[in-house]
Protein chains: 2
Amino acid sequence: MSNPNLTAVSYVVLGLVAHGATTAYDMKQKIAGSVGYFWAFPHSQLYAEPARLVELGLLEEEREQRGRRRRIFSITEAGRQALGDWVREPATEPTQIRDTGLLKLFFGDSLSPQEVRSLAEAQERVHRERLAVYESIEHAIEEPRHADTLRAGLLFERTFVEFWRELATRR
Amino acid sequence: MSNPNLTAVSYVVLGLVAHGATTAYDMKQKIAGSVGYFWAFPHSQLYAEPARLVELGLLEEEREQRGRRRRIFSITEAGRQALGDWVREPATEPTQIRDTGLLKLFFGDSLSPQEVRSLAEAQERVHRERLAVYESIEHAIEEPRHADTLRAGLLFERTFVEFWRELATRR
DNA sequence: GGGTACATGTAATCAGTTACATGATTTA
DNA sequence: TAAATCATGTAACTGATTACATGTACCC
């Protein structure tokens with residue numbers, strides 16, 4: 001990535017603030033309904049990471065003077081630049097699919113055919129549920145910007161529902 | 001996961017040794033042609049992780065007496081048991097897709113249509129290349145055990161080639 | 001026998017996770 | 001006004017990455 005100090009999480013935070021997120025909790029909310037589905041991390045990161053970005057001059061922090069004294073973040077010109085550079089440079093790292101179910105299938109040579117079917121059924125269920133979530137987001141779409149990534153999610157889940165279903169019903 | 005001391009990487013190592021891998025380098029080789037495609041990690045982990053598993057009594061370590069004095073690992077009964085328990089218990093964690101290209105698309109609202117197409121073309125290329133690799137493995141398959149996970153990979157890559165191709169050619 | 005690729009590891013650092021803690025707001 | 005939930009953070013730990021270092025085998 002352009003700036004070697006920045007990780008994918010850095011850009012998620014930077015991007016969220018660019019999209020108008022102001023506090024850590026606000027970011028958490030937005031992640032929960034979008035990127036969090038494919039690139040999750042715990043909320044504590046949302047307190048650590050912005051601090052790093054402020055350090056680098058990519059975000060600005062302001063403290064509420066009363067009430068909760070929350071940290072309010074905004075993106076700097078340098079931050080906007082860094083984000084823009086990053087989205088424009090080609091993505092090199094290959095896609096990683098962290099899927100425990102697949103891992104179990106891969107190392108499951110001690111499983112009986114029935115046990116494989118159980119695993120597959122459970123996985124099919126999980127992907128069906130996720131698919132249902134994406135479909136409901138699709139219907140209530142209010143961010144047309146995210147329609148494309150959402151579609152990637154839909155395609156992915158449909159593919160995996162089908163993959164596991166085939167395994168679950170195989171004789 | 002059953003044993004809270006164990007991570008996904010622990011099970012990858014355990015699984016590889018169960019499949020007959022003996023040294024760290026041996027594991028590295030096997031990962032490179034299989035799980036590494038969807039769950040990668042640096043080779044230094046393959047020196048740290050087995051040590052942890054020996055500590056827990058799930059692997060046994062033996063040192064070559066001459067030459068390179070390599071560490072030779074083998075799985076213990078407890079290790080086999082732990083692996084078996086793990087593959088049999090349902091996978092709970094949802095699938096994570098760590099794809100920088102998707103992230104860039106998600107946060108790329110400053111991109112022009114042309115820039116989006118460039119991103120999509122580059123991503124399509126990457127997935128096509130990966131697909132070609134999987135297809136060549138498919139033809140030369142010597143581990144029928146892994147045919148199913150390989151098929152998941154093929155389906156995944158085909159889905160994403162199609163996804164990015166559509167974006168790249170959209171007007 | 002000098003170079004190159006293969007093979008084996010360690011050390012230091014840091015990102016990321018887990019666990020804890022508590023304040024503010026809503027609701028019953 | 002007590003309980004529950006929402007919201008905001010910090011501390012400690014450790015898994016994972018990066019960088020370094022060196023040995024061994026092959027080959028020109």
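Throughout, protein chains are lettered first and strands after them, A, B, ... in sequence-line order, and every chain is numbered starting at 1.
- Separating the CD atom of A:Q29 from the C1' atom of D:dT5 is a distance of 13 Å, rounded to the nearest angstrom.
- Relative orientation of the A:H146 and B:F106 rings is parallel, given thresholds of 30° and 60° on the angle between their planes.
- For D:dT10, one of the phosphate oxygens OP1 or OP2 lies less than 4.0 angstrom from a side-chain nitrogen or oxygen of A:R71.
- One atom, CG of A:L6, and another, C1' of C:dC14, lie 14 Å apart when rounded to the nearest Å.
- Separating the CD atom of B:Q96 from the C1' atom of D:dA16 is a distance of 16 Å, rounded to the nearest angstrom.
- Contacts of A:E62 classified as side chain to side chain contact (heavy atoms under 4.5 Å, CB included), with partners at least two apart in sequence or in another chain: A:I72.
- Note: A:W86 and A:Y11 have parallel aromatic rings, judged against thresholds of 30 and 60 degrees for the angle between ring planes.
- A heavy atom closer than 4.0 Å to some atom of DNA chain C occurs in A:F41, A:P42, A:S44, A:Q45, A:R52, these being the qualifying members of residues 40-58 of chain A.
- Within residues 12-27 of chain B, no residue is approached by DNA chain D to less than 4.0 Å at the level of any non-hydrogen atom.
- As rounded to whole Å, 14 Å separates atom P of D:dT5 from atom NZ of A:K28.
- Among C:dT8, D:dA7, C:dG16, the nucleotide with an atom closest to any side-chain atom of A:R70 is D:dA7.
- Inspection of the A:T76 and A:E60 side chains reveals no N or O donor paired with an N or O acceptor under 3.5 Å.
- In this structure, B:H127 and B:W164 have parallel ring planes: the angle between them is below the 30° cut-off, well short of the 60° mark.
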(request) Verify side chain to side chain donor-acceptor pair (under 3.5 Å) between A:T22 and A:R70, making sure each step is shown before the conclusion. (result) CA-CA 10 Å; A:T22 54; A:R70 282 178 286 221; over 6 Å; no

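- Per the geometry, CG belonging to A:N5 stands 16 Å off P belonging to C:dT13, to the nearest Å.
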